[in-house]
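Below is one structure, written out as structure tokens; comments come after it.
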Amino acid sequence: MGRGRVQLKRIENKINRQVTFSKRRSGLLKKAHEISILCDADVGLIVFSTKGKLFEYATDSCMERILERYERYSYAERQLKEPDLESPASWSLEHAKLKARMEVLQKNQRHYMGEEMDTLSMKELQNLEHQLDVSLKHIRTRKNQLMNESISELQKKDKALQEQNNLLAKKIKEREKEETGRTTAAAAVVALDQQNHDFNSSGFDQSQTMSSMNISEIYPVMGENGEAVGGVTRYQNSNFSNPVIPSWMLDG
């Protein structure tokens, strides 16, 4: 016997209704996944249970992109059918869509934070893990880029500081050479002045001493063989007296 047609109506038994919901929900999600792969279609499926739990399926787990596409399409359709956007009905519809979108974004954010994971299936958890891995890859790439830029900037600053340090060291050496040259020249001038002073003092004493003695004549002293062996100087100075040679011998 063939399977009879199931009459579509609300199941009164609560347990049977929950079991049927679980089975049909799994089959619906499976069919949505199959049609997205076989037909290369973008599929977005949203299911709320009687208890308010959300079950969804989206191609490549990108429900936001599908919703944005749907909003753009529906907005274009409304523009053709309802050009008056200032009406209260249009604002109410827009508010409802924005509120639904905000709830979806908040739910995804909680999932990214690791919260409310009980309602997710294995496939949804794998897709979430893949999204987190891709996000971490982008974060690490950006971090490495910033680190490389920072290192390059620090290297440029280090090179500039090194060049400035070398320039300052060169100036210091040149100034030290100039100071050394000035010190040497000053020492040479002082030494020359001291020598001149000593020479002038010594020359003044000799001239004063020589002026006190008036040399008039030099007499030779003869030896036994008749050769000159020395001489005796005669001074015409009243203050000078020779204790060895008498004055009468000098006068003779």
Side-chain angles (χ1 to χ4, degrees), residues 1-82 85 89-145:
M1 293 179 62
R3 185 176 179 180
R5 190 186 185 108
V6 179
Q7 185 179 0
L8 295 178
K9 67 177 183 178
R10 183 176 181 272
I11 301 175
E12 299 296 335
N13 191 311
K14 184 177 181 180
I15 297 176
N16 293 337
R17 185 168 63 243
Q18 183 64 31
V19 171
T20 303
F21 175 78
S22 298
K23 291 181 178 180
R24 295 296 181 94
R25 183 198 66 200
S26 300
L28 182 62
L29 295 175
K30 182 179 180 181
K31 291 296 183 181
H33 178 66
E34 290 176 355
I35 193 174
S36 65
I37 294 177
L38 295 175
C39 303
D40 193 18
D42 289 336
V43 179
L45 175 64
I46 299 175
V47 179
F48 286 97
S49 66
T50 56
K51 294 182 179 181
K53 289 185 178 181
L54 173 65
F55 301 92
E56 63 176 336
Y57 172 82
T59 306
D60 296 331
S61 298
C62 191
M63 181 64 73
E64 292 82 1
R65 180 175 59 83
I66 295 177
L67 290 176
E68 289 177 358
R69 184 177 178 182
Y70 170 76
E71 289 178 359
R72 290 194 301 269
Y73 180 82
S74 62
Y75 178 79
E77 291 291 330
R78 289 196 308 270
Q79 286 291 101
L80 296 176
K81 295 179 181 180
E82 300 178 2
L85 298 178
S90 299
W91 285 109
S92 299
L93 180 61
E94 189 70 17
H95 175 265
K97 289 184 177 181
L98 292 175
K99 184 178 179 180
R101 183 180 179 185
M102 184 179 67
E103 291 177 355
V104 172
L105 293 176
Q106 290 177 350
K107 180 182 67 66
N108 291 334
Q109 183 180 7
R110 289 192 295 270
H111 289 169
Y112 292 145
M113 297 297 294
E115 301 174 357
E116 299 181 4
M117 310 292 288
D118 297 336
T119 59
L120 298 179
S121 63
M122 179 62 68
K123 182 65 175 179
E124 292 172 342
L125 291 174
Q126 291 177 352
N127 292 331
L128 180 61
E129 183 181 8
H130 176 70
Q131 290 181 1
L132 292 175
D133 290 338
V134 173
S135 300
L136 286 175
K137 183 178 179 180
H138 292 318
I139 292 171
R140 292 192 182 100
T141 302
R142 179 58 180 168
K143 183 188 71 174
N144 294 332
Q145 181 181 359

Are there more than 12 heavy atoms of other residues, nucleotides or ligands under 6.0 Å from atom [atom1] of [X]?
{"X": "Leu28", "atom1": "CG", "value": "yes"}
{"X": "Arg69", "atom1": "CZ", "value": "no"}
{"X": "Asp40", "atom1": "CG", "value": "no"}
{"X": "Leu38", "atom1": "CG", "value": "yes"}

Exercise for the section: Rounded to the nearest 0.5 Å, what's the gap from CD1 on Ile139 to CZ on Arg142? Could you check? Expected result: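 Here the rounded value is 12.0 Å.
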Problem - Reported NZ-to-CZ distance for the pair Lys143 and Arg140, which is rounded to 0.5 angstrom - result: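 Result: 7.0 Å between the selected atoms.
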Do any side-chain atoms of residues 98-105 form donor-acceptor pairs under 3.5 angstrom with protein atoms, and if so which ones, sequence neighbours left out?
from	atom 1	to	atom 2	distance (Å)
Arg101	NH2	Glu68	OE2	2.7

Handout entry: Counterpart residues, salt bridge (Lys or Arg N to Asp or Glu O under 4.0 Å), relative to Glu124 (two or more places apart)
Key =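 Scan of Glu124 (salt bridge (Lys or Arg N to Asp or Glu O under 4.0 Å), adjacent residues dropped) gives none.
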Practice task
Check the side chains of Ser36 and Tyr57 for a donor-acceptor pair under 3.5 angstrom, ignoring hydrogens and angles.
Solution key: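 Yes - a donor-acceptor pair under 3.5 Å links their side chains.
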Practice task
Verify salt bridge (charged side-chain N to carboxylate O under 4.0 Å, His left out) between Glu12 and Arg10, making sure each step is shown before the conclusion.
Solution key: CA-CA 6 Å; Glu12 299 296 335; Arg10 183 176 181 272; 3.4 Å; yes
Contact between [X] and [Y] at the side-chain level, heavy atoms closer than 4.5 Å - yes or no?
{"X": "Lys30", "Y": "His33", "answer": "no"}
{"X": "Ile11", "Y": "Phe21", "answer": "no"}
{"X": "Asp42", "Y": "Arg65", "answer": "yes"}
{"X": "Asn108", "Y": "Glu56", "answer": "yes"}

